[in-house]
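Before any comments, here is the structure.
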Amino acid sequence: MLVFEDEIGDVAGFTVILPAVSVGNAGQLCVDVLLENIQKEKMKTFQVLHPSLVPVVAPDTLLENTSVSTALQAYVIEDSKLVIFQIRSGILPGQGSAFIADFLKWFKESGCAELVVVGSMHAHERIDKQITGTDLRYLTSLERKVPDDFVKLEHREQDLETGGEPNIPGGGISSRILRQCHQQNLAATVLIKFCSEGDNSTDGMVLAQYLNLLVPVFNKSRPKIPKSWQHLFGHSAPVQMFW
């Protein structure tokens with residue numbers, strides 16, 4: 001079960017945002033952008049425990065105080081009716097199903113309105129029709145209105161043969177949590193960006209702006225870069241190496 005360090009309060013009707021640990025960590029980088037662009041005084045922070053996550057602890061660069069960051073944290077923004085989770089480590093091998101089950105149990109018992117999962121999938125796994133155009137896709141467990149320019153993730157031939165949901169290579173728990181939401185009649189949307197491993201800060205920024213079109217989180221047209229990224233990828237390549 002999910003164990004919160006303190007009573008999270010009434011979040012019935014809230015939208016929940018959860019990153020999937022996936023290729024390039026784009027979902028987690030996306031959540032970094034969201035949190036950086038929300039007024040801190042409107043945000044309540046909760047440490048959350050779950051045995052399926054790799055334990056980790058570090059200074060909290062978001063709030064810049066004596067608190068710490070841990071493997072799983074929840075940020076409640078009551079004015080916007082949002083609960084944003086951040087996962088700062090990985091899910092232990094074989095424990096994905098347990099995490100999904102416990103997370104959805106909390107989601108249902110809390111009476112939350114919709115789950116939005118942000119993640120990524122391998123860019124090299126794209127099929128022909130995905131090579132051109134936008135590199136952003138979405139999937140939903142139930143019918144819901146989306147912006148006109150949103151593109152639904154296409155089925156592959158092998159998906160149609162098995163009658164399953166579209167495959168999300170490198171997407172972590174994205175496809176499994178969507179499948180569980182569909183089976184349990186829970187409203188869920190998965191937002192995906194095609195990514196490759198490397199410096200994925202741009203992918204995180206693009207994914208955050210994509211999510212903001214669906215669920216308004218911040219008002220800025222050009223969101224601020226998270227302070228926690230300051231030393232994430234080191235300095236830029238020296239120009240001398242290209243002489």
Side-chain angles (χ1 to χ4, degrees), residues 1-2 8 10-22 26-28 30-31 34 50 74-78 80-87 91 96-121 127 129-130 133-194 206-217:
M1 61 181 293
L2 294 181
I8 195 171
D10 183 10
V11 292
F14 281 39
T15 297
V16 177
I17 298 173
L18 175 73
V21 182
S22 51
Q28 293 153 294
C30 167
V31 171
L34 301 181
H50 193 275
Y75 301 84
V76 178
I77 304 92
E78 293 183 351
S80 304
K81 301 195 76 173
L82 289 171
V83 181
I84 303 176
F85 284 86
Q86 177 62 300
I87 299 176
I91 298 176
S97 296
F99 177 78
I100 292 170
D102 288 341
F103 189 88
L104 293 183
K105 179 181 178 183
W106 169 83
F107 180 86
K108 286 192 295 184
E109 291 177 349
S110 300
C112 297
E114 182 182 17
L115 172 63
V116 179
V117 179
V118 286
S120 51
M121 64 181 290
I127 57 179
K129 64 178 70 174
Q130 297 168 339
T134 179
D135 55 2
L136 295 160
R137 294 291 189 275
Y138 81 95
L139 286 170
T140 59
S141 61
L142 305 174
E143 288 295 324
R144 66 107 70 211
K145 184 175 176 57
V146 298
D148 293 338
D149 57 348
F150 273 36
V151 180
K152 193 170 185 178
L153 182 65
E154 301 87 350
H155 277 84
R156 297 162 177 250
E157 188 174 328
Q158 57 268 39
D159 300 329
L160 297 174
E161 289 174 355
T162 59
E165 296 292 333
N167 189 27
I168 308 177
I173 64 171
S174 300
S175 58
R176 285 186 288 168
I177 200 167
L178 184 70
R179 189 180 307 116
Q180 286 297 315
C181 287
H182 179 72
Q183 293 174 358
Q184 299 179 41
N185 201 35
L186 299 175
T189 301
V190 175
L191 302 180
I192 303 161
K193 187 177 188 303
F194 296 119
V206 170
L207 194 54
Q209 292 172 306
Y210 186 54
L211 181 146
N212 203 50
L213 296 174
L214 186 74
V215 180
V217 178

Sequence neighbours excluded, which residues qualify as ring-ring contact (aromatic ring centres under 6.0 Å, His included) partners of Y210? F150

Contact between Y75 and V83 at the side-chain level, heavy atoms closer than 4.5 Å - yes or no? no

Quick one: do V117 and L191 satisfy side chain to side chain contact (heavy atoms under 4.5 Å, CB included)? Show the steps, please. CA-CA 6 Å; V117 179; L191 302 180; over 6 Å; no

Going by the salt bridge (charged side-chain N to carboxylate O under 4.0 Å, His left out) test, which pairs reach into residues 133-144, not counting sequence neighbours? E114-R144, D135-K193, R137-E154

Taking the side chain as every heavy atom from C-beta outward, state whether I77 and S80 have any atom pair closer than 4.5 Å. yes

Residue pair M121 / L153, side-chain heavy-atom distance below 4.5 Å: yes

Which atom names give the shortest non-hydrogen contact between I173 and A20, and what distance separates them? CG1-CB, 4.4 Å

Would you give the length of the straight line joining atom CZ of F107 to atom CG of L115, rounded to the nearest 0.5 angstrom? 5.5 Å

Over all heavy atoms of both residues, which pair between G170 and S22 is shortest? Give the atoms and the distance, please. O-CB, 3.1 Å

Report yes if the side chains of V217 and I17 come closer than 4.5 Å at any heavy-atom pair, otherwise no. yes

Looking at H50 and A98, what are the two nearest heavy atoms and their distance? NE2-O, 3.9 Å

Are P147 and L214 close enough that some pair of their side-chain heavy atoms sits under 4.5 Å apart? yes

Do F103 and L2 have side-chain heavy atoms sitting under 4.5 Å apart? yes

Nearest-0.5 Å distance that lies between atom CG in L139 and atom CZ in R179: 11.0 Å

Would a 4.5 Å heavy-atom cut-off, applied to side chains only, mark V16 and F85 as touching? yes

Side-chain donor/acceptor of Q130 to backbone N/O of I127, under 3.5 Å: yes

Value rounded to 0.5 Å, distance of CG in L207 from CG in N212: 11.5 Å

So which of I84, L211, T140 actually passes side chain to side chain contact (heavy atoms under 4.5 Å, CB included) with V116? L211

Value rounded to 0.5 Å, distance of CE in M1 from NZ in K105: 6.5 Å

S110 side chain vs C112 backbone, donor-acceptor pair below 3.5 Å: no

Minimal non-hydrogen separation, I87 against P19, with atom names: CD1-O, 3.6 Å

Examine distances only and state if a side-chain atom of T15 and a backbone atom of L82 form a donor-acceptor pair shorter than 3.5 Å. no

For the CG atom of D149 and the CG atom of L213, what is their distance to the nearest 0.5 Å? 7.0 Å

Would you please name every residue forming a salt bridge (Lys or Arg N to Asp or Glu O under 4.0 Å) with R176, sequence neighbours left out? none

Does the pair Y138 and V190 meet the rule for a side chain to side chain contact (heavy atoms under 4.5 Å, CB included), with working shown? CA-CA 5 Å; Y138 81 95; V190 175; over 6 Å; no

I need the S120 OG to L136 CG distance, nearest 0.5 Å. 11.0 Å

Would you say the side chain of L104 lies within less than 4.5 Å of the side chain of C181, judging by non-hydrogen atoms? yes

